Every structure is written in structure tokens, then in C-alpha cells.
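Working notes, beginning with the structure itself.
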2 protein chains.
Amino acid sequence: MTNRRRKSPIQIDIIEPHLCDPALRFKILQMVPFFSKLSEQDLIAINQLFYEKGFEGGEYIYFSEEPAQHLFIIAEGQVKLLRHAMGSKDVLLELLVPGEFFGALSNQDNSIYPDTAQAQTAVCALAINVQDFRKILKTYSSVTIKFLDAVSDRLQSAHETIRQLSGQSAEKKISYMLLKLAKKLGQPQPVGLLIQAPLTRDDLAEMTATTPETASRVVSQFQKEGWISTGRQWIAIRDETALRSLLEQNSL
Amino acid sequence: MTNRRRKSPIQIDIIEPHLCDPALRFKILQMVPFFSKLSEQDLIAINQLFYEKGFEGGEYIYFSEEPAQHLFIIAEGQVKLLRHAMGSKDVLLELLVPGEFFGALSNQDNSIYPDTAQAQTAVCALAINVQDFRKILKTYSSVTIKFLDAVSDRLQSAHETIRQLSGQSAEKKISYMLLKLAKKLGQPQPVGLLIQAPLTRDDLAEMTATTPETASRVVSQFQKEGWISTGRQWIAIRDETALRSLLEQNSL
DNA sequence: CGGTAGTTTGAACTACGTCAAGGGTCGTGG
DNA sequence: CCACGACCCTTGACGTAGTTCAAACTACCG
């Protein structure tokens with residue numbers, strides 16, 4: 001029930017789309033940073049405002065421009081947030097993991113989703129109506145403040161991404177992104193610190209503002225250096241230090 | 001007291017650095033979106049928690065990595081938020097105007113400023129201690145929610161910037177940035193919709209992940225097309241539609 | 001075992017970065 | 001008030017990293 005491929009070291013639990021483990025719901029909500037300090041009483045009440053939604057890998061959860069009606073919290077699986085660029089490739093903004101939220105944040109009524117959410121793997125998400133979430137925020141001020149902190153962190157992270165995408169070589173951008181992903185998804189394995197996500201070269205390209213071909217070339221080169229191990233849809237980091245020192249290199 | 005240059009159409013009020021007009025303080029706080037709905041009583045109390053700080057044009061307000069102790073609200077002038085890239089040029093993340101805030105947002109204690117703030121013009125800012133601001137948030141839940149909305153908007157804006165910087169030609173990136181700046185700072189003038197900020201080609205380059213030379217070339221070209229008017233440290237938009245349609249063009 | 005989706009590699013082209021020099025504008029001080 | 005010096009802007013020539021197009025290869029799935 002856990003394994004999936006033969007050669008690929010990636011192991012992702014198979015979950016039924018459209019079905020969340022009911023016992024999991026509560027655990028997930030407790031895990032979410034901005035609900036963590038609530039009493040069991042309160043959490044039970046909040047739990048009832050959420051409902052479950054399942055998605056298959058590749059399925060779209062919502063599209064940008066649609067009316068923003070729900071906030072989602074990931075219970076299982078991974079979700080990617082992306083924006084369609086007009087004349088060019090899509091841009092992959094974030095790869096989200098269980099416990100993280102996405103969807104309608106800024107809730108000036110009648111707003112729309114600014115980006116598109118797609119299930120990267122099979123996903124089980126907890127969804128809540130924007131109005132209901134607002135009610136929670138109004139009731140529990142501690143939740144609001146912690147949620148604010150979480151959004152602020154996202155903003156910092158986005159700013160950091162802007163910096164990294166700006167005026168950097170493809171090598172540096174990809175190196176940065178691998179480190180960022182490893183920090184979030186990394187899992188020690190025989191092959192190295194495995195990035196636990198089915199990540200294609202296209203995904204990597206969309207995250208780093210390059211092309212799949214360039215991503216492939218850089219990844220190959222890193223592998224030749226012995227810094228990473230790679231395969232179809234996966235990458236593992238062997239030498240984190242090497243990648244990190246590459247970032248700090250001055251481009252003479 | 002208002003004018004400054006001869007040929008440049010830019011007009012920026014000269015303000016005394018290190019001195020805010022005391023009458024202005026109150027008006028500014030009322031103007032800030034997240035304080036707008038408070039009673040006069042409450043606003044007076046809040047007003048007392050802020051103190052004034054003045055900066056000359058070019059002066060640094062704080063540096064990244066310093067302990068993040070204050071939240072700032074701009075009363076007069078403009079502030080740029082930037083990050084130093086290791087081996088390369090700085091990156092200009094945001095250009096902020098009166099009524100906008102910056103500084104310590106996410107306040108897990110002992111945090112540091114993630115970016116550097118520099119006065120673009122002479123600036124008068126209202127500063128508040130992080131702890132005091134937290135108190136305000138705990139007291140007025142409506143403020144917290146509106147502040148959350150503001151931060152969420154910033155996050156959306158940052159995501160949009162990432163999209164625009166990704167895989168676009170220099171023309172498109174600069175076109176996008178001009179439109180963004182015009183929306184924020186634009187002021188109708190004989191020369192066109194003037195971007196009311198002393199903006200150098202370097203600034204523009206740092207915002208769009210290019211070089212000053214490329215920025216200059218693109219700006220010259222736009223001028224030849226008759227879409228904009230430019231000069232030393234200023235740019236005015238004559239044909240917004242042309243710029244916008246350029247963004248939507250597919251790169252065939 | 002065949003098909004689909006992901007990956008790799010090559011070769012040609014080009015937008016942009018880099019280096020360098022020259023010209024305009026401003027404001028400061030003589 | 002003029003002149004100098006600092007700063008900003010422009011333009012050219014050149015090299016190159018990275019995109020683009022295209023084809024072959026490989027892993028996985030039914």
C-alpha cells in the first residue's frame with residue numbers, strides 16, 4: 001500500500017481520491033500552525049466547518065479567475081500553485097505539502113483566485129467556505145495572528161524567489177530551487193536526500209524560469225559532478241554543501 | 001515649496017527629513033487601510049504608540065539581517081525595499097508610497113529584517129515597536145483581519161512579479177513594470193501619465209532583472225514608438241494600451 | 001510488447017550581458 | 001552667473017549563455 005515503482009526511489013502513499021481518512025482530519029487540523037494552540041473543544045467546532053475533498057494526481061482543484069470561495073488545507077498529497085503566462089510557459093509558484101493552506105486568503109468579497117491549483121499527486125484536502133473562515137478569524141484572534149504570520153512567511157519566501165530568479169545563471173537558480181525543495185520535502189535515502197515528489201524537468205523549468213532542456217542539462221551536469229542523483233521524475237541530493245557554495249559564488 | 005527642477009516634470013514636495021508635520025500624522029493613520037474603520041478614540045490611542053522618523057533621500061532605513069524591531073508606515077516620500085544578491089546586482093522588490101507599511105511583519109520574536117529599506121526620496125515615516133503593534137492586533141481584531149488582507153495582497157503582487165520575471169523578454173518585463181508603477185504612482189501631466197518618482201535606469205533594471213543598458217535600450221525603443229516619454233530620472237506613459245497589448249503578445 | 005510520457009543530446013540562432021566610450025543634465029562652489 | 005564635476009543616460013561592438021527545434025533514447029504502464 002506504500003510502494004509504487006520499481007526503479008524510482010520515490011514512495012508516495014496511495015490514497016483514495018475523494019476520500020480522506022476521517023481519523024486524519026483532526027490530526028491534520030492540529031498540525032496546522034495557526035490552529036495548534038486551540039483547545040480540543042474549539043478544534044471540534046472548527047473541524048465541523050471543514051469538509052473533505054479528494055483529487056486525483058494531475059486534477060485541477062481550481063483555476064485562476066474563478067470566484068474565490070474556499071480556503072484549502074492539504075491533508076495528504078501535494079499541490080502545485082501556478083499561473084498561466086500569456087504567451088509563454090506556465091509558472092510554478094509553490095509546491096505545497098500536508099499542513100499547508102492555499103486558495104482564498106485575501107477576502108475582499110467577490111474576489112477571484114489569483115492562481116491555479118493543481119494536484120501534483122493524489123490529494124485529500126480540507127476545504128472551508130471563505131465566510132466560515134472569516135468567522136473563525138473573528139472569533140479566535142490568536143488564530144488570525146498566527147495566520148498572519150504564516151502569510152507573512154509566504155511573502156518573504158516569494159521575495160526570496162524573486163531575488164533568486166533575478167539575474168542569476170540557470171545553474172544557480174536550479175541549485176537554489178533544489179535546496180529549497182529538499183528542505184521542504186527532503187527525506188534521507190540510500191541515494192541521498194531524496195526530494196519526495198514526482199518532479200519532472202518541466203516542473204523544475206517552470207519553477208526556475210528556464211526550459212526543460214536547460215533544466216535537464218544542468219541536472220545532468222550536477223550529476224556528473226556527483227552532487228545529485230537523478231532519474232525519471234525524481235532527484236536526490238548527495239552533496240548539499242556543493243550546491244550551497246555554488247549559490248554564494250561570485251560570477252567573475 | 002513644491003517645485004524643484006526645471007526640465008524634469010517630476011514635482012516632489014520637499015520635506016524636512018527628521019520632521020513630520022504633526023497635523024499630518026493623524027491624517028496618515030486614518031488613511032492606512034487597516035486603521036480606517038477605527039473610532040477617533042482608538043486612533044488617538046494608537047497614534048501615541050507611533051513615533052516619527054525622518055530620512056533623507058538615499059538614506060538607509062534598515063538593513064537586512066538586522067534584528068527586526070519596528071514596523072513603519074510611510075507618511076511622506078517613497079521607500080524602496082531591496083535585497084542584496086550575493087554575487088550580483090541588488091534586486092528592487094517594491095517601491096512604497098505614503099500609507100503603505102514595511103518592516104517587521106511576521107513577528108516570531110527575535111526575527112530579522114529579510115530585506116533592506118532605503119529612502120528613495122526624503123521620507124517621513126511613522127514607526128512602531130513590534131511588541132506595541134502586536135498589542136494593537138490583539139486588541140482590535142478588525143485591524144488584524146484588514147492587515148492580513150493587506151499582506152495577502154502583497155503576496156499576490158509578489159507572485160505576479162514572479163510570473164512576469166519568468167521567461168519573458170526584457171521588453172515585456174519592463175513594459176509590465178512601467179504599467180505597475182504607473183498604476184501606483186501615475187499622475188496625469190501634459191507629457192503623459194507621469195510616474196511620480198525619481199526613477200533611474202538602474203532602478204528599473206533592478207526591478208526587472210536586467211541591466212541598466214538593456215533598460216535604457218528598451219526605454220529608448222518605446223520612446224521611438226511614441227509609447228512613452230522619458231528623461232533623466234523620469235518616465236511618462238503616453239500609450240498605455242500599446243504597452244498592455246505588448247504583454248499579451250504571444251512570442252511566435 | 002507496444003505506446004505514451006519523460007529525458008537526453010546536438011546544432012544553430014539570438015537576445016541579452018558585458019565592456020567601453022561619449023554626451024547630457026544637474027547642482028555646487030567659486 | 002558661469003564652470004566644473006558628478007551622476008545619469010545612450011550607443012556600439014562583441015561574446016556567450018540559454019532558447020529553440022528536432023530527433024533519438026529510456027522508463028513505465030497497460
Side-chain angles (χ1 to χ4, degrees), chain A residues 3-12 14 56-58 85 87-89 120 165-175 197-206 208-224 228-235 246 249-252, chain B residues 3-12 14 56-58 85 87-89 120 165-175 197-206 208-224 228-235 246 249-252:
Chain A
N3 206 343
R4 231 177 85 219
R5 293 198 178 76
R6 245 169 313 171
K7 291 228 179 151
S8 167
I10 291 191
Q11 298 179 3
I12 291 173
I14 293 182
E56 300 172 29
S88 65
K89 301 278 171 186
Q120 173 80 343
L165 295 188
S166 295
Q168 296 287 1
S169 66
E171 280 179 24
K172 284 191 184 180
K173 290 190 290 188
I174 288 175
S175 180
L199 205 67
T200 67
R201 300 292 177 271
D202 285 76
D203 290 326
L204 203 54
E206 289 180 0
T208 52
T210 50
T211 58
E213 292 92 335
T214 300
S216 176
R217 278 183 249 267
V218 171
V219 162
S220 300
Q221 183 206 322
F222 284 177
Q223 188 164 24
K224 253 174 230 154
I228 63 176
S229 312
T230 77
R232 185 189 164 87
Q233 302 208 55
W234 63 270
I235 298 177
L246 199 142
Q249 252 176 55
N250 206 316
S251 51
L252 299 175
Chain B
N3 205 341
R4 231 177 86 217
R5 293 197 179 79
R6 247 170 312 171
K7 291 229 182 150
S8 168
I10 291 190
Q11 298 178 2
I12 291 173
I14 293 183
E56 300 173 29
S88 66
K89 301 277 169 187
Q120 172 81 342
L165 296 187
S166 295
Q168 297 288 358
S169 66
E171 280 179 25
K172 284 192 184 180
K173 290 190 289 189
I174 288 174
S175 180
L199 206 67
T200 68
R201 300 290 177 271
D202 285 76
D203 290 326
L204 204 53
E206 288 180 0
T208 52
T210 51
T211 59
E213 292 92 336
T214 300
S216 177
R217 277 183 250 268
V218 171
V219 161
S220 300
Q221 184 207 322
F222 284 177
Q223 189 165 23
K224 255 175 230 153
I228 63 177
S229 311
T230 76
R232 185 192 163 84
Q233 303 210 54
W234 63 270
I235 298 176
L246 201 149
Q249 252 177 55
N250 207 316
S251 50
L252 297 175

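To find a chain, count down the sequence lines: A is the first, B the second, and so on, and within it residues start at 1. Note that the structure is a prediction, hence the values are computed from the model and not measured.
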Which protein N or O atoms sit under 3.5 Å from an N or O of nucleotides 23-26 of chain D?
none

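Per the geometry, CD1 belonging to Ile174(A) stands 13 Å off C1' belonging to dA17(D), to the nearest Å. Atom CZ in Phe222(A) sits roughly 16 Å away from atom P in dT7(C) (whole-Å rounding). In this structure, CG of Asp202(A) is placed 14 Å from C1' of dT19(D), rounded to the nearest angstrom. Between Gln221(A) atom CD and dG18(D) atom C1' the separation is 13 Å, expressed in whole Å. If you take NZ of Lys172(A) and C1' of dG18(D), they are 16 Å apart, rounded to a whole angstrom. The NZ atom of Lys89(A) sits 10 Å away from the P atom of dC21(D) (whole-angstrom rounding).
Paired runs in DNA chain D that reach 3 or more consecutive Watson-Crick or G-U pairs, where each pair keeps both distances under 3.5 Å, cover C:1-6 with D:25-30, C:8-21 with D:10-23, C:24-30 with D:1-7.
Ser175(A) pairs by the side chain to side chain donor-acceptor pair (under 3.5 Å) definition with nothing, not counting sequence neighbours. With sequence neighbours left out, the side chain to side chain donor-acceptor pair (under 3.5 Å) criterion links Ser216(A) to no other residue. Residues forming a side chain to side chain donor-acceptor pair (under 3.5 Å) with Gln223(A) (at least two apart in sequence, or on another chain): Thr230(A).
Within the 4.5 Å cutoff, the side chain of Asp203(B) has no heavy atoms near those of the Gln233(B) side chain.
Of the residues in residues 211-218 of chain B, those lying under 4.0 Å from DNA chain D by heavy-atom distance are Glu213(B), Ser216(B), Arg217(B).
One finds a side-chain N or O of Ser220(B) lying less than 4.0 angstrom from the OP1 or OP2 phosphate oxygen of dT11(D). Using a 4.0 Å cut-off, no side-chain N or O of Arg201(A) falls inside it from OP1 or OP2 of dG6(C).
When all heavy atoms of Lys173(B) and Thr210(B) are compared, the closest pair comes out as NZ-CG2, 3.9 Å.
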